[in-house]
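All chains are named by letter (A, B, ...) in the order of the sequence lines, taking the proteins before the strands, and each is independently numbered beginning at 1. The figures that follow rest on heavy atoms only: side chains count, while hydrogens, waters and symmetry mates do not.
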There are 2 protein chains.
Amino acid sequence: MEDVARLAGVSSITVSRVLNHPDKVAESTRERVMAAVEATGYIPNSVAGSLASRRTRVIGALVPTITNSIFADTIDGLTDVLTPAGYQLLLGATGYSLREESRLVGAILAQRPAGLLATGLQHESQGLTLLRTTDIPIVETWNVDGDPVDMAVGFSNFEACRAMVATLARRGARRIGFVSAPTTANDRAEQRLRGYRHAVRELGLDTDARLEREAKFSFHAGAERLVEMIAERPDVEAIFFANDILAIGALFECQRRGIRVPEDLAIAGFDDVELAAQVNPGLTTVRIPRYRIGREAARMILRRLEGERVEPRVLDLGFEIVERQSTPAGT
Amino acid sequence: MEDVARLAGVSSITVSRVLNHPDKVAESTRERVMAAVEATGYIPNSVAGSLASRRTRVIGALVPTITNSIFADTIDGLTDVLTPAGYQLLLGATGYSLREESRLVGAILAQRPAGLLATGLQHESQGLTLLRTTDIPIVETWNVDGDPVDMAVGFSNFEACRAMVATLARRGARRIGFVSAPTTANDRAEQRLRGYRHAVRELGLDTDARLEREAKFSFHAGAERLVEMIAERPDVEAIFFANDILAIGALFECQRRGIRVPEDLAIAGFDDVELAAQVNPGLTTVRIPRYRIGREAARMILRRLEGERVEPRVLDLGFEIVERQSTPAGT
DNA sequence: CGCCGTAATGTTAGCGCTTTCAGTAACACC
DNA sequence: GGTGTTACTGAAAGCGCTAACATTACGGCG
């Protein structure tokens, strides 16, 4: 920066101003400085800048895994808002471990981000303390059933599952199975399971424990649980899977076994991934605002960084039941 | 940090040492300092630390989009190596724009990352200059057909496509269509197309331009190109899609239209996404080391950061033709 | 005509750490 | 007992910027 200043015949603070507050510099000076920046190939040092100004242009984001496209969509929404605003993304993957989340929260906060996005409302006490102590805007995502540390944006996993069970029941099913995602360190999965259980009781449906299982996130696991469940409860009428990947894995298994969907068995998923609309039959599922979660989270953070108050602190973006051909049509 | 030092009855430099070089501090002191760190809830300021030490624990990564799972897998491999080594990920999505890539390279370099991962060997001159000028380790990924700025890890898209066409031809197809991904700002797609063209000529197959189309990345586009191609060239025997998503979109369209795969038409994809093995019939495709690309890229960067020389600078991880049921079986 | 507001630029200090060099103490060795 | 060696701790300087205040020039205004 010293070099640039010398070449342009100004002091270094003027160079700094040209780069950060161009309107506070005379146009002729600005041009001279910009030319000098080009000529020297100067790349500003944001590390030094951040230290001096005590703020960074970095937003931290913590997701369980970026390998699951639903989180990739949220990150996508986040960057689509952040990038034009001049912010960059510091990404961490917790691998569904609250221990690892705490560690990453510490590591990310050490970078003094301007804001932070987390997934879920559930945290380890250590991480929670860190989140509470810091004064940057924090948005927890993918869940609105609980108390956020600061702000939250998402939808009710509980209500979404309850609504899907109600839809299946309305189409005539009384024996509805549920395949949950692992609920440890995953409040979204836990609430989906609770939503199912609540609905089954509420509607007086079959509550046999054999209609409930857990599966890791994979096509294969969905197929396996399907096979197990129809072996133990051949009379099951519909199986609701906690995510589309499981459901589609099961759907493919039905294709292979000649089980007719939805005539012999109805299948429903959760997430409405792009694939859900493409498979044959199309998958009935819950559409959730994955991309918008990221977008709105970014907006909330930015608004706070601009000094505005953000109300409400919990933003429920809702969900939508999408009925396709994998469940019986309405009459 | 001042507070911690006072509480522990040491100077601030000792606190710094406890945090960064714990082995250079007496155990009793270390314990006292750690207790003080806990008590005060001190979170080190990496920004200041980085400025003073002139190095960060951040690695930049540029991908076209994180929404495509193949890049998510590469990022996954990257973080799996980087995180245990104490590095964090600064992620940028270029949206397949070289202009945007240049901008992001500048923004990321301003953060003074310890290393940088880019996707592809193709860059705009402005971004290329930045990459060349900087002295941090840089790995270009997903392509080894060309000259890297620094290091590269990936496979030959050209040879992979050539090999798939040869496989299809070996199974009897003479009229093989190709659906390319958009080739602008995407050297990988471009080389896949060139590999197809080369193979078709080399093997004396049908070179009709109507057997060649382009499609954006979606199931839907794959289905559309399929429909168009069989309308214009009803005698096409096999269609090779530049990625699995296109191929699977086409496969689903065949299911809907009652086109038997592979009896009426063979279908092949590229990438071997998890879904490719699940669909019915299973998709013949090219398996590529998506995850390992990220892993090896991280390893190369880390080795360089430890002062080692890295040879070779271009690491070809190869590919593998995976024949499933969407193409005719061997005899 | 002096005063004051405004625009443009510069001076000074310091952000919170780490590097470098120095210093102290304890111990072994010839 | 002087010297070297190892282990530990500290003082001073400064990383490359920006915030806050200072300065200069200029023109409008009572």
[X] [atom1] to [N] [atom2]: how many Å, rounded?
X: B/I43; N: C/dC17; atom1: CD1; atom2: C1'; answer: 16 Å
X: A/L51; N: C/dG16; atom1: CG; atom2: P; answer: 7 Å
X: B/L19; N: C/dC17; atom1: CG; atom2: P; answer: 9 Å
X: A/E2; N: D/dC17; atom1: CD; atom2: P; answer: 9 Å
X: B/R55; N: C/dC17; atom1: CZ; atom2: P; answer: 15 Å
X: A/R17; N: C/dA7; atom1: CZ; atom2: P; answer: 14 Å
X: B/R57; N: C/dT18; atom1: CZ; atom2: P; answer: 12 Å
X: A/M1; N: D/dG16; atom1: CE; atom2: C1'; answer: 8 Å

Positions of residues 20-39 of chain B (non-hydrogen atom under 4.0 Å from DNA chain D), listed by number: B/K24, B/V25, B/A26, B/T29

Test salt bridge (Lys or Arg N to Asp or Glu O under 4.0 Å) applied to B/R299 and B/E296, step by step: CA-CA 5 Å; B/R299 287 227 177 101; B/E296 296 304 326; 3.1 Å; yes

Nearest to the [X] side chain among [options], which nucleotide is it?
X: B/A48; options: C/dG16, C/dT11, D/dG16; result: C/dG16
X: B/R54; options: C/dG14, C/dT9, D/dC15; result: D/dC15
X: B/N45; options: D/dG16, C/dG10, C/dC17; result: C/dC17

Which part of the nucleic acid does B/V10 contact within heavy-atom distance under 4.0 Å: base, sugar-phosphate only, or nothing? sugar-phosphate

Looking at side-chain heavy atoms only, is the closest gap between B/L121 and B/P148 below 4.5 Å? yes

Strictly below 4.0 Å, N to O, side chains only: are A/R30 and A/E27 in salt-bridge contact? no

With a 4.0 Å cut-off on N to O distance, would you call B/E306 and B/R303 a salt bridge? no

Do A/R112 side-chain and C/dG16 base share a donor-acceptor contact under 3.5 Å? no

Going by the side chain to side chain donor-acceptor pair (under 3.5 Å) test, name the single residue among B/Q122, B/Q126, B/H123 that passes it with B/E101. B/H123

Any luck finding a side-chain donor-acceptor pair between B/D3 and B/T40 under 3.5 Å? no

Answer yes or no: are there more than 12 heavy-atom neighbours, outside A/D147 itself, under 6.0 Å from its atom CG? no

Can you find a side chain N or O atom of [X] that sits less than 4.0 Å from OP1 or OP2 on [N]?
X: A/S53; N: D/dT18; result: no
X: B/Y42; N: C/dC17; result: yes
X: B/T14; N: D/dG10; result: yes

